[in-house]
Amino acid sequence: LTMKVLFISNDPTIFDAGSAARARMRAYAALIGELHIVSAAPGDAAEVNEGSLYLHPTHSWKLFRVRALTLRAHALILEYDIEVVSAQDPFEHGLAALRAISKIQAPKPKLHIQVHTDFLSPWFVKSGNWRSPRVRMPLLNSYRRKIADRVLLAAASIRVVSERVKASLVERYGNRISEPSVIPVAIDPVVPEKIRLPAHPFTFALITVGRLEPEKRIEDILAALALVAKHYPMIGLFIVGDGSERGKLERMARSLGVENKVVFLGDRPDARGLMGSAQAFIQASAYEGYSRTLIEAALAKVPIITTDVGIVGEVFKGYEDVLSVPVADPTALSLAIVGFIEDNAVRQELPRHAEETARAHLAFVGDIPARIAEDLARTLQHP
């Protein structure tokens, strides 16, 4: 089935011809037939036409982004006779898609919504508890839930990335929404070569990888590190990624007296290679829709400590594949770290199980681009 599909995207890296995101979009376009993507973009981004893939940048202030995306999407729907409009989230991008479609006279395109975030987790709006540092979540998140309530009810079909997210939607909306399709995130199963971490004095090096934003709760990792370092002074932490929280995290490391045990590496394209050189991977996210980095860490055969988010419980089992702890509990994180430091057998056994689990999972989920194309085709058949 050849379709004309418009994605409303929140990933400006698609305008980089060499990016992984661009490669995924080429794969989608080849299966869909004709794929248009409108997205906020860097100032120098231009229109792109690569066979069946068309990229349409918008340039606007964040405050006016929904309006800019709506107007551009509406024009593209009319110009190219778009049949399905797929938004990459049920928030601002979903709202832009809904508004763009609502302006069209019959026949209207079908609305397809992708949900990559566990936005119904209490931690989507919650900033902390008595056990943990307080992390200010965006005030916009409460408003985003209200937008999602409106957008999801209007969708012809919904794609989610995990059973956890599907269950939360079914619990909240019941049969008022079409049953969500669970299609995980596409991940390259080929493991890159190990990259040595920068020279360091640590005998036990932890690594965390991700955007330095409030929902990642790196603060909890720093608090756990401070607890462990009192008894195991040769522990250290490498933080790969950048974001709005970096300055705050650097100040927190100094205030906890662990600044000499924390190395901020910034954004690194070789993050997957670096993982394999650490003694353990650690993640303290407040919520995740899926958590690509858990799969990547498992494939790198590094022991994993993680909060109970995303595909934990669904793919990875606690104490079989990973050490899993509650969200916002630095003490539990610290105990998991000590568990890996002190128990060499566990540190060897869990990553072996986790790698087998990850590979079985990737084999089971199959060809993600093909499954997404099928999901869009089903959307087109929706009455």
Side-chain angles (χ1 to χ4, degrees), residues 121-123 126-135 164 197 200-210 214-240 249 252-253 255-263 275 277-288 291 293-294 297-298 300-355 357:
S121 161
W123 291 100
K126 192 174 175 182
S127 61
N129 57 32
W130 62 272
R131 297 189 300 274
S132 69
R134 297 193 72 78
V135 180
R164 183 190 295 259
L197 291 163
H200 61 82
F202 315 132
T203 56
F204 194 94
L206 296 163
I207 191 168
T208 189
V209 178
E215 65 270 21
K216 300 302 180 183
R217 295 195 66 90
I218 307 294
E219 289 87 345
D220 292 339
I221 301 177
L222 294 178
L225 182 71
L227 291 171
V228 175
K230 294 174 184 175
H231 306 284
Y232 301 89
M234 295 310 287
I235 192 170
L237 170 68
F238 288 89
I239 299 177
V240 181
L249 294 169
M252 182 178 178
S255 71
L256 290 172
V258 293
E259 69 271 24
N260 62 340
K261 300 185 182 302
V262 181
V263 181
M275 281 184 191
S277 294
Q279 276 66 55
F281 173 85
I282 187 165
Q283 171 180 284
S285 299
Y287 56 87
E288 294 278 351
S291 193
T293 50
L294 289 183
K301 304 179 187 176
V302 59
I304 295 170
I305 297 166
T306 177
T307 43
D308 181 7
V309 295
I311 52 174
V312 176
E314 175 184 333
V315 176
F316 295 117
K317 301 295 187 287
Y319 300 101
E320 290 180 27
D321 304 300
V322 301
L323 293 185
S324 171
V325 303
V327 172
D329 194 337
T331 302
L333 281 173
S334 71
L335 292 173
I337 295 168
V338 170
F340 274 150
I341 292 173
E342 293 192 342
D343 195 330
N344 191 51
V346 170
R347 202 165 73 238
Q348 291 178 343
E349 188 70 9
L350 262 60
R352 187 177 63 77
H353 273 283
E355 189 209 7
T357 298

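One is the number of the first residue; the rest follow in order along the sequence.
- Judged purely by atom type and a 3.5 angstrom limit, R164 uses its side chain to pair as donor or acceptor with the backbone of G310.
- Here the CG-CG distance, from L237 to L222, works out to 6.5 Å after rounding to the nearest 0.5 Å.
- Here L335 contributes atom CG and L227 contributes atom CG; the two are 8.5 Å apart, rounded to the nearest 0.5 Å.
- At least one donor-acceptor pair closer than 3.5 Å links the side chain of T307 to the backbone N or O of S285.
- Using modelled atom types and a 3.5 Å distance limit, the side chains of S132 and R217 yield a donor-acceptor pair.
- Tested against I282 for a side chain to side chain contact (heavy atoms under 4.5 Å, CB included), the candidates T306, I207, T208 yield a single pass: T208.
- Remark: the backbone N or O of R134 is not paired with any side-chain donor or acceptor of S127 at under 3.5 angstrom.
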side-chain contact (heavy atoms from CB on, under 4.5 Å) between L294 and V315, worked out
CA-CA 10 Å; L294 289 183; V315 176; over 6 Å; no
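- Closest of all the heavy-atom pairs between A224 and P330 is CB-O, 3.4 Å.
- For K126 (side chain) and S121 (main-chain N/O), no donor-acceptor pair under 3.5 Å exists by modelled atom type.
- From T331, atom OG1 reaches atom CZ of R131 across 8.5 Å, with rounding to the nearest 0.5 Å.
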Passes side-chain contact (heavy atoms from CB on, under 4.5 Å), F202 versus V263? Steps please.
CA-CA 11 Å; F202 315 132; V263 181; 4.2 Å; yes
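- K216 and E288 are joined by a salt bridge, as a carboxylate oxygen and a charged side-chain nitrogen come within less than 4.0 angstrom of each other.
- Heavy-atom minimum distance, A286 versus V327: O-CG2, 3.5 Å.
- You'll find the side chain of P133 reaches within 4.5 Å of the side chain of D220, heavy atoms only.
- Taking CG from L256 and NZ from K261, the interatomic distance works out to 12.5 Å, rounded to the nearest 0.5 Å.
- Of the inter-residue distances, the one linking L206 atom CG with I305 atom CD1 reads 6.0 Å to the nearest 0.5 angstrom.
- The structure places CD1 of I221 at 8.0 Å from CD1 of I337, a figure rounded to the nearest 0.5 Å.
- The shortest non-hydrogen separation linking Q283 to S291 is OE1-OG, 3.0 Å.
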side-chain contact (heavy atoms from CB on, under 4.5 Å) between V228 and F204, intermediate numbers included:
CA-CA 11 Å; V228 175; F204 194 94; over 6 Å; no
Could you give me the CA-CA distance, side-chain angles and deciding distance for T293 and M275, then say whether side-chain contact (heavy atoms from CB on, under 4.5 Å) is met?
CA-CA 10 Å; T293 50; M275 281 184 191; 4.3 Å; yes
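- For the ring-ring contact (aromatic ring centres under 6.0 Å, His included) test, no residue two or more places apart in sequence or in another chain qualifies with F340.
- A226 and V258 make their closest contact through CA-CG1, 3.8 Å (heavy atoms, listed as atom of the first residue, atom of the second, distance).
- Closest approach of H200 to L197, counting heavy atoms only: CD2-CB, 4.2 Å.
- The two residues V312 and S324 have their closest heavy-atom pair at CG1-OG, 3.6 Å.
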